[in-house]
Amino acid sequence: MALLGGYLVLATLATLSCLAAAGAQLCVWWVSRRNSTQSRTALEPLVSILKPLKGVDASLAENLESFCRQDYPDLELIVGAADPEDPALDVARAVRRKFPRARLRIVSGERAGGANPKVRNLANLCDYAQGQIVVVSDSNVRVPSGYVSEIVAILGEPKLGLVTHLIAGADARGLGGLCESARLLGFVAGGVALAEVVGSHPCVVGKSMAFRRSALRDIGGFEAFAMVLAEDYLMGKAVADAGYGVRTARLTIDTPCPSWTVREFVARHVRWCMLRRSLSVTAFAFEILLLPLPWAASALLWGNFQGRSRVSLAFVGASLGVWLAAYGFNAFRRHGASRALVTLMAMPIEQTLGLLIWAQGWFISQVSWRGRDYRVTAGTRLVAMQPSNVAVALRQAA
């Protein structure tokens with residue numbers, strides 16, 4: 001009887017998980033298919049794109065070049081690193097030579113104060129920005145040519161203050177890269193799109209945030225978020241609380257992951273899990289429903305070997321098929337047939353690792369940045385940790 005009860009719980013969880021993940025993929029399709037709110041008008045405000053750099057990411061030159069190829073006439077690209085000797089600045093200079101007509105400005109330095117180095121960099125870059133629209137774009141982001149035009153069209157609606165984007169993996173090679181690509185299109189894009197459709201406001205992703213200048217000013221600018229780790233989500237919430245609309249754009253942006261290792265994949269997503277748990281324990285607990293494959297596989301194997309009800313097995317199998325069809329359709333639209341098939345083949349490993357990452361996310365509460373350790377508290381606020389006596393002695397000895 002206990003075994004039967006345990007199986008029914010597992011089968012129910014598997015069915016709900018598959019249907020929830022399929023619903024999230026339906027939301028991805030809806031977001032990527034809807035029309036922009038407006039077509040381009042005669043008003044074409046200056047757009048300032050801020051690119052914070054730290055080291056040379058994969059395909060950095062190609063990523064920067066994608067912003068120099070925008071079909072929008074009035075934009076400036078401001079890239080910068082805290083360290084004036086950062087090699088990423090040399091890559092930016094090479095791109096500027098290749099596109100002499102682009103308004104590409106290269107700066108260095110950062111604002112003092114605050115524990116989040118990306119926010120300190122952004123605050124410095126924003127001092128040089130002249131645009132009515134301020135776009136934050138991570139260094140490992142590549143965008144289609146209509147990226148800026150769509151942002152301007154959406155923000156043409158007066159009540160909107162912030163636009164964010166879905167992200168997908170590009171150029172994935174190796175097991176780590178394929179897992180990253182599968183997770184971005186599945187779990188990450190599904191979660192963001194689901195929040196857009198059924199949440200109180202979209203889940204803003206820091207890889208692409210486009211602010212109306214007045215909205216950025218009304219939430220206190222980047223400086224107001226210098227002591228938190230999840231500045232992107234919290235800035236999105238602050239914009240919504242200030243009375244502005246927040247929207248996820250139709251276009252999907254790419255983040256190349258050609259040389260990712262499994263270790264890098266796990267480390268990145270454990271950190272993201274820690275952030276989401278710090279923001280909402282309840283929402284984080286329900287994330288397990290967006291990892292359907294381990295539950296469905298376990299229910300089908302258990303039911304098959306124990307001779308459980310064919311009806312329950314059919315429910316689990318059908319719901320698994322619905323999710324795979326929804327995910328496969330979005331993967332095909334995004335990557336093409338061959339790449340979608342490879343991504344699907346990597347999914348069992350990605351989903352299993354995702355379950356372990358979710359479990360580990362309950363226990364991680366520290367992050368290291370540039371030689372300093374921080375404890376992440378509620379709301380992802382960063383609290384500097386004092387080094388131990390042993391660590392101090394080792395540093396002094398060195």
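All heavy atoms count here, side chains included; hydrogens, waters and symmetry mates do not.
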Tell me, yes or no, whether the heavy-atom count around [X] atom [atom1], taken from other residues, nucleotides or ligands under 6.0 Å, exceeds 12.
X: F99; atom1: CZ; value: yes
X: F332; atom1: CZ; value: no
X: R375; atom1: CZ; value: no

Check whether any side-chain heavy atom of [X] sits under 4.5 Å from a side-chain heavy atom of [Y], and report yes or no.
X: Q351; Y: P294; value: yes
X: Y128; Y: E76; value: no
X: L50; Y: F222; value: yes
X: S280; Y: E287; value: no
X: Y147; Y: S208; value: yes
X: F211; Y: L155; value: no
X: M209; Y: D232; value: yes
X: L291; Y: R183; value: yes

Under 4.0 Å between a Lys/Arg side-chain N and an Asp/Glu carboxylate O for D74 and R103?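 Looking at D74 and R103, the cut-off is met.
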
Taking 4.0 angstrom as the limit, do K207 and D138 come out as a salt bridge?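 A salt bridge is present here (some side-chain N lies under 4.0 Å from a carboxylate O).
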
According to the interplanar angle, ranging from 0 to 90°, do the rings of W272 and H269 count as parallel (below 30°), tilted (30 to 60°) or perpendicular (above 60°)?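 If you compare the ring of W272 with that of H269, the planes turn out perpendicular.
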
Would you call the rings of W358 and F284 parallel, tilted or perpendicular if under 30° counts as parallel and over 60° as perpendicular?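 W358 vs F284 ring planes: parallel.
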
Taking side chain to side chain contact (heavy atoms under 4.5 Å, CB included) as the criterion, tell me which of L251, V192, L194, T248 meets it with V31.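 Going through the options one by one, the only one that passes is T248.
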
Are N140 and T255 linked by a side-chain donor-acceptor pair shorter than 3.5 Å?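 Checked: N140/T255 side chains pair up, N/O donor to acceptor below 3.5 Å.
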
Judged by modelled atom types alone, do S32 and R333 share a side-chain donor-acceptor pair under 3.5 Å?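 Note: S32 and R333 side chains meet the donor-acceptor criterion.
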
Could you tell me the separation between the OG atom of S137 and the CD1 atom of I49, rounded to the nearest 0.5 Å?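 So the gap between those two atoms works out to 7.0 Å.
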
Residues L320, L300; criterion side chain to side chain contact (heavy atoms under 4.5 Å, CB included); working and verdict: CA-CA 10 Å; L320 177 62; L300 290 173; 4.0 Å; yes

Determine, stepwise, if the pair D71 / V148 fulfils side chain to side chain contact (heavy atoms under 4.5 Å, CB included). CA-CA 8 Å; D71 62 8; V148 174; 5.9 Å; no

What verdict does the side chain to side chain contact (heavy atoms under 4.5 Å, CB included) test give for R339 and L178, after you've listed the backbone C-alpha separation in whole Å, the side-chain angles of each residue and the deciding distance to 0.1 Å? CA-CA 10 Å; R339 179 56 60 177; L178 290 172; 3.5 Å; yes

